[in-house]
Amino acid sequence: MAIDAPFIVALAREYYGMHITAKRALEIAAEVGALNESVRVAAKGLPFDCGPDEFVTTLQALTRGSGVGE
Amino acid sequence: MNEDILHRPLSELAALICARQVSAVETTRASIAAATRLNGELNCFLSIDADEALASAATADREMASGVYRGPLHGVPLAHKDMFYVEGRRSTGGSRIRGDFVATTTATVMHRLRLSGAITVGRLGMSEFAAWPTGHNDHYGTPSNPWNTAHITGGSSSGSACAVAARIVYGSLGSDTGGSIRLPAGICGVVGLKPTHGRVSRHGALPRVWSLDAVGPIARTTRDAALLLNAVAGHDPLDATSSHVPVDDTCPAADATAAGLRIAVPTNSVYTDTEPEILGNLENALAVFRSLGASVQRIAIPEPTRLYALADIIGKVEASSLHAEWIRERPGDYQTAVRTRIESGFFIPAVRYLEAVRLRSLVLKEFVAQVFEKADVLYLPTLTTRTPTISESAFTETALASKIISLMTQATRAINYLGLPAISIPCGFTTNGLPTAFQLVGRPFDESTLLRAGHAYESATEWTRQAPPVCSGVQDWRLAGAAVVAQA
């Protein structure tokens, strides 16, 4: 379900103290909706125990000469 | 000494300084003169700090006279994107909001460059908060492309690429979150290197997106870029994200070749949808690599649009977090384009952001396995379209923001999500006289292979030897060499 523009306007006002026009909220809704869907699809099957801090160790493990992934 | 010395690449100048055939003061004077002469037309400098630069140069010369030589950057005039803090000095980040900000710390990279003996000529312009890929800046003016001043330099390291291309300084540090080193380097016809995530300290550098930012060099040649990288790379106790992976000498040997290099070219649209004239230059460059003994294979790579979206989620959320208070309290002090870009991050659910972060290691493994099992480097365009003019790429309405960003960064942004090193190398011109460039992407911490391959290509071609029309006199530095030494 896409995030809708009136919700964005209200969220901006109540949560962030920002003013967003209705026109801008429509643009944000479209942009964010598309991004959310892309990531939701990409994350299907994401292993339960895969944490956010593995990236740096993975980078190091994949260096040339590490033997991993070569 | 006239400005012909400025046409030598950094590596050549270093040898002249080491041999005391030219002095740091003479070279710095020439740099300052060029900056003063050209800045009205190019608008790349926010400040030209002549007195300080000459004082540093005099110190460098005294050290040389007393037998102290700090290395290849000793006495070399540089200038940097105005986002690297120096204690006690202004650092605007290209913004009005930070227009009067005076740093209370010194960036590790600036400290390391000072220890190397490099001279800082001034502060270079940039896109506001490093957040716009064309280089437009409503607060300080938009830098102009030295090859055709009606055209953009690209951003966000706009002033850096401009000043290096215009032969004002020999190199510059920039930052790259979605292409901000590679794009302006490619658009201005110079070399830009985005190192591996964590390769270079970010302590004291204005953040744009913590998870994606990289600091790296813009220079005229790959050897010059390597010398700059050598000086600043390596673990920093002040930056917990900096890597402990040892830093080897990344500077390629003068006779380094591309023999045996395995190049992977994507069959995906990120390559094939490149504008035909640019694609032609990219294919010509591949032919050069083949002639040097490299092999080329066409492969499908993991879909770049997915990687782009993952990077975009992270970029938007982290930027909105950084700027939350200012967006709320000083929205009118942002360029509309930059505020537009940042504000959508407030409306992305935390769960989606964390999914994008958690996916990074898995996606990286998949990418490396698929691409680098049979290849040493991945070959991509830097910019897939012709370089627009400043006026035709000006921000006119909020609905177009995403399109502009996507068009400019479609070949660069995914690499930041992966954290891989990538270098942009000039590979010719379009018929309207503007540079084109290719990217080489490598394995984590394999900047040496990128630089070696780039150097081999440079040695076989002439693109990095050509100076833009805005430079006075000499268009090919090889002709400048004899005149410079004769005057010494």
Side-chain angles (χ1 to χ4, degrees), chain A, chain B residues 196-198 211 241 243-245 303 305-310 312-314 316 320 324-325 327-329 331 340 343-349 351-365 367-369 372-373 376 397-399 401-402 418-420 442-446 448-449:
Chain A
M1 184 174 73
I3 187 171
D4 70 2
F7 176 73
I8 287 174
V9 172
L11 187 65
R13 182 180 61 241
E14 302 301 328
Y15 212 72
Y16 298 114
M18 293 162 54
H19 170 68
I20 300 279
T21 65
K23 173 181 178 292
R24 181 68 190 124
L26 278 169
E27 293 165 2
I28 292 173
E31 186 181 353
V32 168
L35 274 179
N36 276 344
E37 184 61 13
S38 292
V39 176
R40 187 189 67 78
V41 168
K44 277 180 87 95
L46 182 62
F48 177 79
D49 49 7
C50 178
D53 54 350
E54 295 187 19
F55 175 66
V56 173
T57 52
T58 301
L59 263 181
Q60 186 151 335
L62 291 173
T63 58
R64 183 183 289 276
S66 68
V68 176
E70 290 187 87
Chain B
T196 309
H197 181 82
S211 297
T241 69
S243 174
H244 288 268
V245 171
E303 184 46 53
T305 53
R306 180 180 72 140
L307 301 178
Y308 185 102
L310 291 167
D312 209 13
I313 286 266
I314 291 175
K316 282 176 161 50
S320 62
E325 191 170 325
I327 288 276
R328 186 169 53 242
E329 297 178 2
T340 297
E343 65 191 4
S344 54
F346 291 99
F347 308 102
I348 293 171
V351 169
R352 289 284 102 85
Y353 165 77
L354 281 168
E355 284 171 346
V357 172
R358 290 171 63 206
L359 277 167
R360 262 184 119 180
S361 61
L362 298 174
V363 170
L364 173 62
K365 283 182 204 169
F367 193 93
V368 169
F372 296 111
E373 183 188 355
D376 301 306
E397 56 177 288
T398 55
S402 295
L418 297 166
L420 298 174
R443 280 175 169 270
F445 302 102
D446 198 13
S448 292
T449 295

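Labels below follow one simple rule: chain letters A, B, ... track the order of the sequence lines, proteins then strands, and each chain is numbered from 1. Side chains are part of it too, since the values below use all heavy atoms of this structure and drop only hydrogens, waters and symmetry mates.
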Between OG1 of A/Thr57 and CD of A/Gln60, what distance do you get to the nearest 0.5 Å?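 Output value for this atom pair is 8.5 Å.
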Against chain A, work out which of [options] has the most heavy-atom pairs shorter than 4.5 Å and name it.
{"options": "B/Thr398, B/Val245, B/Val363", "answer": "B/Thr398"}
{"options": "B/Thr305, B/Thr340, B/Leu310, B/Thr196", "answer": "B/Thr340"}
{"options": "B/Asp312, B/Thr241, B/Ile313", "answer": "B/Ile313"}

Go through the atoms of [X] and report whether side chain, backbone, both or neither lie under 4.5 Å from a heavy atom of chain A.
{"X": "B/Leu362", "result": "side chain"}
{"X": "B/Ser402", "result": "side chain"}
{"X": "B/Ser344", "result": "both"}
{"X": "B/Thr449", "result": "side chain"}
{"X": "B/Arg352", "result": "both"}

Which region of [X], side chain (C-beta onward) or backbone (N, CA, C, O), has a non-hydrogen atom less than 4.5 Å from a non-hydrogen atom of chain B, or is it both or neither?
{"X": "A/Val32", "result": "side chain"}
{"X": "A/Ala34", "result": "neither"}
{"X": "A/Leu26", "result": "neither"}
{"X": "A/Arg40", "result": "both"}
{"X": "A/Glu54", "result": "both"}

Main chain of [Y], side chain of [X]: is a donor-acceptor contact present, judged purely on distance under 3.5 Å?
{"X": "B/Arg360", "Y": "B/Leu418", "value": "no"}
{"X": "A/Tyr16", "Y": "B/Phe346", "value": "yes"}
{"X": "B/Arg358", "Y": "A/Cys50", "value": "yes"}

Side chains of [X] and [Y], heavy atoms from C-beta outward: is any pair under 4.5 Å?
{"X": "B/Phe372", "Y": "A/Leu62", "value": "no"}
{"X": "A/Thr63", "Y": "B/Arg443", "value": "no"}
{"X": "B/Ser211", "Y": "B/Tyr353", "value": "yes"}
{"X": "B/Leu364", "Y": "B/Val368", "value": "yes"}
{"X": "B/Glu343", "Y": "B/Lys316", "value": "no"}
{"X": "B/Leu420", "Y": "B/Phe367", "value": "yes"}

Highest number of heavy-atom pairs under 4.5 Å with chain B: which of A/Ser38, A/Ala25, A/Ala42?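 Top option by heavy-atom pairs under 4.5 Å: A/Ala42.
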If you count heavy-atom pairs under 4.5 Å between each of A/Lys23, A/Arg24, A/Met18 and chain B, which one has the most? A/Arg24
